Amino acid sequence: MGTEIILSEKFDLEKTAESGQCFRWRRCDGADTAYQITAFGKSVVISVNNDQKILHLNCSEEDAEKIWRPYFDLDTDYTAIRNTVASSDSSGAYLRAAMDYGDGIRIIRQDFWECLVTFIISQRKNIPAITQCVDKLCRAAGAPIIDTQSVSATLAEPTLYAFPTPEQILALSCHKNGDADCSFAKAGLGSCSLGYRVPYIFAAAEWMLRHPDFVKESETMTDDEVRDALMEIKGVGIKVASCVMLFGLQRMNAFPVDVWVNRAIKKAFRDESEIMNYSPNAGLIQQYIFFYEKNHPNR
DNA sequence: TGGCAGGCCAATT
DNA sequence: AATTGGCCTGCC
C-alpha cells in the first residue's frame, strides 16, 4: 500500500517538522528521513525523494488526495509568494536570507480544534515539552487508532492515539491525577504536565461545544473578527489566536509574533506593521522569519 | 540553586 | 494604554 504525489516545488520534511507549527509528527528511524504523522483521526508515514519533489505516503490514493494533499498545502504556490518579496524592500535582504534558509518549509493546514488546544499548551513551553504534553493528552483522552497498516515499524511505541474530542477532554475533568477511586483506566489531565493551562483547556472545550460550527461560520468573518472571537476563550491571547488562524483556519495573512519573531522585527524591520507589506501572505513570511531567527547559527 | 522558556491574566499605574 | 507579578512544569 502506497501512493506517490509529484510535487511542483520542494517539500523539506525536516524543516517543516521543526518549524514549531505541528506537534504530532514523529521522526522514524531508518535510512531515509520519514515521519509518522497523526491527524484527523488517521495516521500516515511519509518521506520524500532526494530532490524533495516526490512525496511518498503509505496510504491509499484517496486518503493522499483528500486528506494529506490539503494538509500539506500542496496546491499553494510558495515560489510565487516568495517572489513577491523585493530585494529593494528595507527588510528585503533579511527576508531573502530567511527564505533561502527555510526553503522547503510548508504551512501545515491542521485541524482547528487540535490546533487550538496545542497552541494553548504551547505558551511558556519549548517544542519538546509541547510535544510531550500533547502526546500525554492524546494517550489520556484520545481514541486509539486501529489501522495498524499505517504505523511505521521503526516507532518505539506502536500504539497511536487520535487527538481527543472536546467531549473526551471534558469527561476527564472530574478525575484528578492519581485518583485511586477513578474507575476509568485513563489518567486525568493532571497527568499531562499542563500545569496552569488545565482550566484553559477546559474553557476551550466548553467553548467548542457552544460553537460546534465555528470553522464554517468563520468563513464569512474578517481576520479581526475571527481573532476577537478566539480571544474570548480564557487562555487565548493574540499570539495563540494568530497561530490558530494560520495553522488551523488557513488564514495565510495571520502572523503570530513570539519572542523570536519579535527579535527579528527589532533587528531588521521598522516595526511589526511592516510585515503586512506581504499581505495576504504575511503568515508564510512569519514562518520563514521564525525558523531563521531561531535556528540559524549566524542570525 | 535559581532563572528561564515560542504567553496570558489580573491588578496596578 | 502600558507595565508588572504570578503562574505549572521541565530543564540547564
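In this text the structure is predicted, and so the values were computed from the model without any measurement. All heavy atoms count here, side chains included; hydrogens, waters and symmetry mates do not. A, B, ... follow the sequence lines: proteins, then strands. Residue 1 opens every chain.
Rounded to an integer number of Å, the gap from I120(A) CD1 to dC9(B) C1' is 14 Å. Atom-to-atom, CG of N262(A) to C1' of dG7(B) comes out at 13 Å; the value is rounded to the nearest Å. The CD-C1' distance, from Q132(A) to dG10(C), rounds to 9 Å in whole Å. Between I130(A) atom CD1 and dC11(C) atom P there is a gap of 13 Å when expressed in whole angstrom units. Between the CZ atom of F119(A) and the P atom of dA5(B) there is a distance of 19 Å, rounded to whole Å.
In this model, a donor atom of one side chain and an acceptor atom of the other lie less than 3.5 Å apart for S19(A) and Q21(A). No donor-acceptor contact under 3.5 angstrom links the side chains of T222(A) and D224(A), judged on distance only. There is no side-chain donor-acceptor pair under 3.5 Å between Y101(A) and N295(A). Side-chain contact check for E14(A) and T33(A): no donor-acceptor pair (N or O, by modelled atom type) lies under 3.5 Å. Side-chain atoms of R82(A) and Y288(A) include a donor-acceptor pair closer than 3.5 Å.
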Write down the protein N/O and nucleotide N/O pairs, taken from nucleotides 6-9 of chain C, whose separation is under 3.5 Å; answer none if there are no such pairs.
from: dC8(C); atom 1: O4'; to: Y196(A); atom 2: N; distance (Å): 3.1
from: dC8(C); atom 1: O2; to: R197(A); atom 2: NH1; distance (Å): 3.0

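Look at the C1' atom in both dG10(C) and dC9(B): the space between them is 22 Å, to the nearest Å.
A heavy-atom distance below 4.0 Å to DNA chain B is reached by these residues of residues 229-241 of chain A, ordered by number: I233(A), K234(A), G235(A), V236(A), G237(A), I238(A), K239(A), V240(A).
The existence of a salt bridge linking R139(A) and D135(A) is confirmed by a sub-4.0 Å separation between a basic side-chain nitrogen and an acidic carboxylate oxygen.
When atom types are taken as modelled, the side chain of R109(A) and the backbone of Q250(A) share no donor-acceptor pair closer than 3.5 angstrom.
Remark: aromatic rings of F290(A) and F255(A) are distant, center separation not under 6.0 Å.
By the 4.5 Å heavy-atom criterion applied to side chains, L230(A) and F119(A) are not counted as neighbours.
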Problem set entry | Dot-bracket line, read 5' to 3' along DNA chain C, where crossing pairs take [ ] and | marks a partner on another strand, Watson-Crick or G-U under 3.5 Å | |||||||.||||
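Taking the six-membered ring for Trp and thresholds of 30 and 60 degrees, W207(A) and F112(A) have ring planes inclined between 30 and 60 degrees apart.
The minimum heavy-atom distance between F269(A) and A264(A), with the atom names listed, is CD1-O, 3.6 Å.
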